[in-house]
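These notes concern the structure reproduced below.
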Amino acid sequence: MIVLEGVSHDFDDRPVLVEINLALPERRIGIVGANGSGKSTFARLLNGLVLPKIGRVLVDGIDTKKDVKAIRRKVGFVFQNPDHQIVMPIVGEDLAFGLKARKVPKAEIASRIDAALARYNLGHLRERPVHLLSGGEKQLVALSAVLVTEPEIVVFDEPTTLLDLRNRNRVAAAIDALPHPALVVSHDLDLIAGFERILMIEDGRVAADGLPSEVLPFYRERMR
Ligand SMILES: Nc1ncnc2c1ncn2[C@@H]1O[C@H](COP(=O)(O)OP(=O)(O)OP(=O)(O)O)[C@@H](O)[C@H]1O
C-alpha cells in the first residue's frame with residue numbers, strides 16, 4: 001500500500017502540492033484535476049521520480065527518499081507519451097532493457113518478453129522498429145515494458161490522452177484487465193468512472209476524495 005504523510009512539494013519555492021495525507025489501499029484509484037493542479041507531480045511522487053520536499057511517501061513501509069531502487073521495483077510508471085519512456089529502437093530490445101538493468105538471466109529475459117507481448121497480442125511486433133508503431137501499439141508496448149519488470153503497483157499518467165478512440169479503448173481494456181493495483185491520472189473521466197476511489201486535486205490539495213459517483217459530478221461542476 002502507498003501512504004503519503006504530510007507531503008508538500010514546491011518547484012523553485014512555488015508550492016505544487018500542499019500537506020497531503022493519504023492511505024491508498026484500493027485496487028483502482030483515479031486522479032483528476034485541472035491542468036497544472038499537481039496531478040503529474042503527485043503521480044511521480046508515488047514511484048520516487050519526484051521526492052517530496054516535506055513529508056514522506058511510503059510504499060509498503062519503504063520511504064521513497066531512503067530506497068528509491070526498491071520503490072522503482074515495486075511501482076511501475078507509464079508515461080502519457082510513450083516516446084518519453086521507450087528508450088530502445090526495437091520493441092523487443094526495449095522490453096529487454098529494464099530486465100538487463102535488473103540482471104535477469106538471458107534465457108529468462110526472452111521468455112518474459114514473449115509472455116509480456118503475448119498479454120496484448122503484440123508478439124508480432126517484437127522485431128519491429130518502435131518508430132513504425134501506431135500510437136496505441138506504442139502505449140501498449142510502453143505498458144508491456146513496465147509489466148515485464150513485474151511491478152506490484154502501476155501508476156499511469158494520462159495514458160489515453162494522445163490516443164484515438166479505438167486505441168483509447170484498447171488501453172482502457174488493458175488497464176481494466178490488469179491484476180495489479182493501479183493509480184491513474186486522467187482527464188478521460190469514462191476511463192476512471194468504474195474505479196473504487198477518485199481523488200480530485202485542486203491547487204495542489206486533495207479537494208475531494210471518494211467514490212466516482214460522488215467526486216466526478218463535483219469535479220464536472222467545478223470545471224464549468
Ligand atoms: N520539474 C518542474 N520544474 C518546475 N515546475 C514544474 C515542474 N514540474 C511541474 N511543474 C509545475 O508544477 C505545476 C503542477 O504541474 P503538474 O504537471 O503536476 O500538473 P498536472 O495537474 O499534471 O497538469 P496537466 O493536467 O496539465 O498535466 C505546474 O505549474 C507546472 O508548471
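The model shown is predicted, which means the values in this text are computed figures rather than measured ones. Every number for a ligand or one of its atoms is a count from 1 in the order of the listing.
When hydrogens are left out, the protein atom nearest atom 19 (O) of ligand 1 is G38 N, 3.3 Å; that is the closest non-hydrogen contact. With respect to atom 12 (O) of ligand 1, the closest heavy atom belonging to the protein is V16 CG2, 3.4 Å. Scanning the protein heavy atoms around atom 26 (O) of ligand 1, the nearest turns out to be N35 ND2, 3.0 Å. In this structure, atom 25 (O) of ligand 1 lies nearest to the protein heavy atom K39 NZ, 2.7 Å. In terms of protein heavy atoms, atom 30 (C) of ligand 1 is closest to R14 NH2, 4.0 Å.
Contact between I192 and P212 at its shortest, heavy atoms only, is O-CG, 4.1 Å. Closest heavy-atom contact between D94 and M88: OD1-N, 3.1 Å. In plain terms, the two heavy atoms of L17 and T41 that are nearest each other are CD1-CG2, 3.9 Å. The minimum heavy-atom distance between H180 and R28, with the atom names listed, is O-NH1, 2.7 Å. Considering every non-hydrogen atom in both A96 and I109, the closest pair reads CB-CG2, 4.0 Å.
Here's the thing with F11: none of its N/O atoms is less than 3.5 angstrom from an N/O atom of ligand 1. Checking only distances, F42 never comes within under 3.5 Å of ligand 1, N or O to N or O.
Heavy-atom proximity to atom 22 (O) of ligand 1, evaluated over S40, G36, P15, is greatest for S40.
Using a non-hydrogen distance threshold of 4.0 Å, S37 registers as a contact of ligand 1. Taking 4.0 Å as the cut-off, H187 counts as a neighbour of ligand 1 on heavy-atom distance. Note on ligand 1: A34 sits in its first shell, one or more heavy atoms being nearer than 4.0 Å. Within the 4.0 Å heavy-atom shell around ligand 1 one finds E158.
When each of L51, I2, V59 is paired with I71, the side-chain contact (heavy atoms from CB on, under 4.5 Å) condition holds for V59 and for no other.
Taking a cut-off of under 4.0 Å to the non-hydrogen atoms of T41, the atoms of ligand 1 that pass are 15 (O), 16 (P), 18 (O).
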Exercise for review: For the pair R112 and E150, evaluate salt bridge (Lys or Arg N to Asp or Glu O under 4.0 Å) and give the outcome as yes or no after the intermediate values.
Suggested key: CA-CA 10 Å; R112 271 167 71 169; E150 300 181 349; 3.6 Å; yes

Practice item. Report the C-alpha distance between E202 and R222 in whole Å, list the side-chain angles of each, state the deciding distance to 0.1 Å, and finish with yes or no for salt bridge (Lys or Arg N to Asp or Glu O under 4.0 Å). Key: CA-CA 10 Å; E202 198 172 69; R222 294 291 271 195; 2.7 Å; yes

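Using a distance-only test at 3.5 Å, with no hydrogens or angles considered, a donor-acceptor pair links the side chain of N169 to the main chain of L165.
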